[in-house]
Amino acid sequence: MNPTDRPTAPDLAGRRVLVTGCGGPAGVAVVEELAALGAVPVAADCDPYAAGLHLGHPAVLLPFADAPDYPRRLLAAAVAQRCAAVVVTVGEELLRVAGLEAEFAAQGVAAWFPAGRAVSDCLDKWAFAERIEAAGVAGPRSALGAPGELPGPWIVKPRFGRGSRDVYPVDDPADFPTLLRRVPEPLVQTRLTGREFTADCLIDRDGTVLGTVPRWRSQTRAGISTRGTTFTDARIDVLVAELAVALGLTGVCNVQGFLDEEGPARVVEVNPRFSGGLPISLAAGADLVGQFLRGTLGLPVRPDALRGRDGVTTVRWFAQRTALEAADR
């Protein structure tokens, strides 16, 4: 289904919404979906040549997430653009604005940010491994710095990282000395078996899982799904509910893991934001962006609108956009 074929949402029509991270696939997907729903997206990014700033929508530049005044600048941009809400699609930005919903609301800007502890535990893969192990959630065994007694085969990845950068499979222990020097703050995990999946989820403020749309990760590039097929498995519903409790997740999140023919679904990591593969779930009919915005604005959320159709396969490709003008500062 083409996003432009979906009906607009009358209660969201005309609402201006600032979307951050529009240099990445998640931000672009949210901007395009908001436009399809009849809202008015305002694309924002720290890079004046970010693709999402040149799609024909209002656009603004923001500082990097580590700028001391990032939260103030984000709120000021939303107010200046007369936005009713803000959607943050970058984990490091979420860490800076967690807990600031009341400050945004005082300026007339609605926001739904995950808790700071949930964001930090998802960004820090070692903290994440410790949290899920303590909660009894199925996942890989992990060790920080060296494999120790972990059974192989293994995966070596950075403690802090994204997009599958510096992630290496290891079958021969003789490879560890080189990889442990190459990977920054290396985390070693027992490699999981089974088929890899990812699931886009929306979790209510009380921790209730409102919707989960799993898909097989049939093809990935730089850690982002470029081809996937939606499916349903009750074991993933159980896993997402356990993660919501263990991590205190609310709002949108993306769960990545593995599924065998038997046994529980096992988690590898969670991103507390919209995923780069979001268009696959949207194409399956799950109104993740619209319902998240409704929840952000304090409108009723419809769990029935979050169900995706099984067996929908989406193939993604890249396009070029000529940036004739830089975004306004």
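All values below were derived from every heavy atom in this structure, side-chain atoms included, with hydrogens, water molecules and symmetry-related copies excluded. Everything numeric in this text was worked out from a predicted model, so none of it was measured.
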Is [Y] close to [X] at the side-chain level, that is, under 4.5 Å between some pair of heavy atoms?
{"X": "Thr198", "Y": "Trp216", "answer": "no"}
{"X": "Leu179", "Y": "Val170", "answer": "yes"}
{"X": "Val255", "Y": "Cys201", "answer": "yes"}
{"X": "Leu62", "Y": "Leu74", "answer": "yes"}
{"X": "Leu75", "Y": "Leu100", "answer": "no"}
{"X": "Leu297", "Y": "Leu12", "answer": "yes"}

Any donor-acceptor N/O pair, [X] side chain to [Y] backbone, under 3.5 Å:
{"X": "His54", "Y": "Pro48", "value": "yes"}
{"X": "Ser120", "Y": "Arg117", "value": "yes"}
{"X": "Lys157", "Y": "Val183", "value": "no"}
{"X": "Asp45", "Y": "Ala50", "value": "no"}
{"X": "Asn271", "Y": "Arg273", "value": "no"}
{"X": "Arg96", "Y": "Pro68", "value": "yes"}

Residues which pass side chain to side chain contact (heavy atoms under 4.5 Å, CB included) with [X], listed by chain and number, not counting sequence neighbours:
{"X": "Pro264", "answer": "Ala138"}
{"X": "Val238", "answer": "Glu242"}
{"X": "Arg159", "answer": "Asp124, Trp126, Leu144, Glu185"}
{"X": "Ala98", "answer": "none"}

- Got a sec, which pairs hit side chain to side chain donor-acceptor pair (under 3.5 Å) with one end in residues 12-26, sequence neighbours left out?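 Matches after skipping sequence neighbours: Arg16-Gln81, Thr20-Glu93.
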
- For residues 139-149, pull every pair meeting side chain to side chain donor-acceptor pair (under 3.5 Å), keeping only residues two or more places apart or in separate chains.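 Listed once each, the pairs are Ser142-Gln189.
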
- So which pairs with a foot in residues 254-290 pass ring pair (Phe, Tyr, Trp, His ring centres under 6.0 Å), sequence neighbours left out?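 Every ring pair (Phe, Tyr, Trp, His ring centres under 6.0 Å) pair that includes a residue of residues 254-290, provided the two are not neighbours, is Phe274-Phe292.
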
- Could you note down all residue pairs passing ring pair (Phe, Tyr, Trp, His ring centres under 6.0 Å) where residues 80-111 supplies at least one of them, sequence neighbours left out?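 Passing the test, one end in residues 80-111: Phe104-Phe113.
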
Holding to side chain to side chain donor-acceptor pair (under 3.5 Å), I want the full list of residues that pass it with [X], two or more places apart in sequence or in another chain.
{"X": "Gln107", "result": "none"}
{"X": "Gln291", "result": "Asp287"}
{"X": "Thr229", "result": "Thr313"}
{"X": "Arg191", "result": "Asp171"}

- Message: Pair Leu243, Val270 - check side chain to side chain contact (heavy atoms under 4.5 Å, CB included), show working.
- Response: CA-CA 9 Å; Leu243 288 167; Val270 173; 3.9 Å; yes

- Item | Whether over 12 other heavy atoms sit under 6.0 Å from Glu92 CD |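 Counting neighbours around CD of Glu92, more than 12 heavy atoms of other residues, nucleotides or ligands fall under 6.0 Å, so yes.
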
Distance, nearest 0.5 Å, that separates [atom1] of [X] from [atom2] of [Y]:
{"X": "Asp121", "Y": "Glu269", "atom1": "CG", "atom2": "CD", "result": "13.5 Å"}
{"X": "Leu299", "Y": "Leu293", "atom1": "CG", "atom2": "CG", "result": "7.5 Å"}
{"X": "Asp47", "Y": "Leu53", "atom1": "CG", "atom2": "CG", "result": "7.5 Å"}
{"X": "Thr208", "Y": "Ile203", "atom1": "OG1", "atom2": "CD1", "result": "9.5 Å"}
{"X": "Thr212", "Y": "Leu239", "atom1": "OG1", "atom2": "CG", "result": "9.0 Å"}
{"X": "Asp233", "Y": "Arg195", "atom1": "CG", "atom2": "CZ", "result": "11.5 Å"}

- Query: Step by step, would you call Trp112 with Arg205 a side chain to side chain contact (heavy atoms under 4.5 Å, CB included)?
  - Reply: CA-CA 9 Å; Trp112 186 356; Arg205 288 180 173 85; 3.5 Å; yes

- Message: Applying side chain to side chain contact (heavy atoms under 4.5 Å, CB included) to Arg217 and Gln256, what does each step give before you reach the verdict?
- Response: CA-CA 9 Å; Arg217 287 167 67 89; Gln256 298 179 11; 3.8 Å; yes

- Task: Could you walk me through whether Asp204 and Thr250 pass side-chain hydrogen bond (donor to acceptor under 3.5 Å, both in side chains), step by step?
- Result: CA-CA 6 Å; Asp204 210 345; Thr250 68; over 6 Å; no

- How are the rings of Phe231 and Phe197 set to each other: parallel, tilted or perpendicular (split at 30° and 60°)?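 Plane angle over 60°, so perpendicular.
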
- Message: Go through it in stages, so that I can follow the logic: the residues are Arg266 and Asp260, the test is salt bridge (charged side-chain N to carboxylate O under 4.0 Å, His left out), and I'd like the CA-CA distance, side-chain angles, deciding distance and then a yes or no.
- Response: CA-CA 9 Å; Arg266 293 160 297 167; Asp260 280 320; 2.7 Å; yes

- side chain to side chain contact (heavy atoms under 4.5 Å, CB included) between Leu247 and Val137: does it pass, once the steps are laid out? CA-CA 11 Å; Leu247 298 170; Val137 179; over 6 Å; no

- Does Leu282 belong to the same Ile/Leu/Val/Met/Phe/Trp/Tyr cluster as Val301, with side-chain heavy atoms less than 4.5 Å apart forming each link?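 Linked, Leu282 and Val301 end up in one cluster.
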
- Task: Determine the sole option in Leu18, Val30, Leu94, Leu95 for which the side chain to side chain contact (heavy atoms under 4.5 Å, CB included) test with Val88 is passed.
- Result: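 Single side chain to side chain contact (heavy atoms under 4.5 Å, CB included) partner of Val88 among Leu18, Val30, Leu94, Leu95: Leu94.
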
- Test Phe176 against Trp154 for ring pair (Phe, Tyr, Trp, His ring centres under 6.0 Å), laying out the working first. CA-CA 10 Å; Phe176 275 118; Trp154 307 268; 5.0 Å; yes

- Message: Taking side chain to side chain donor-acceptor pair (under 3.5 Å) as the criterion, tell me which of Thr230, Thr314, Asp200, Asp310 meets it with Arg215.
- Response: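 Of Thr230, Thr314, Asp200, Asp310, side chain to side chain donor-acceptor pair (under 3.5 Å) with Arg215 is met by Asp200 alone.
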
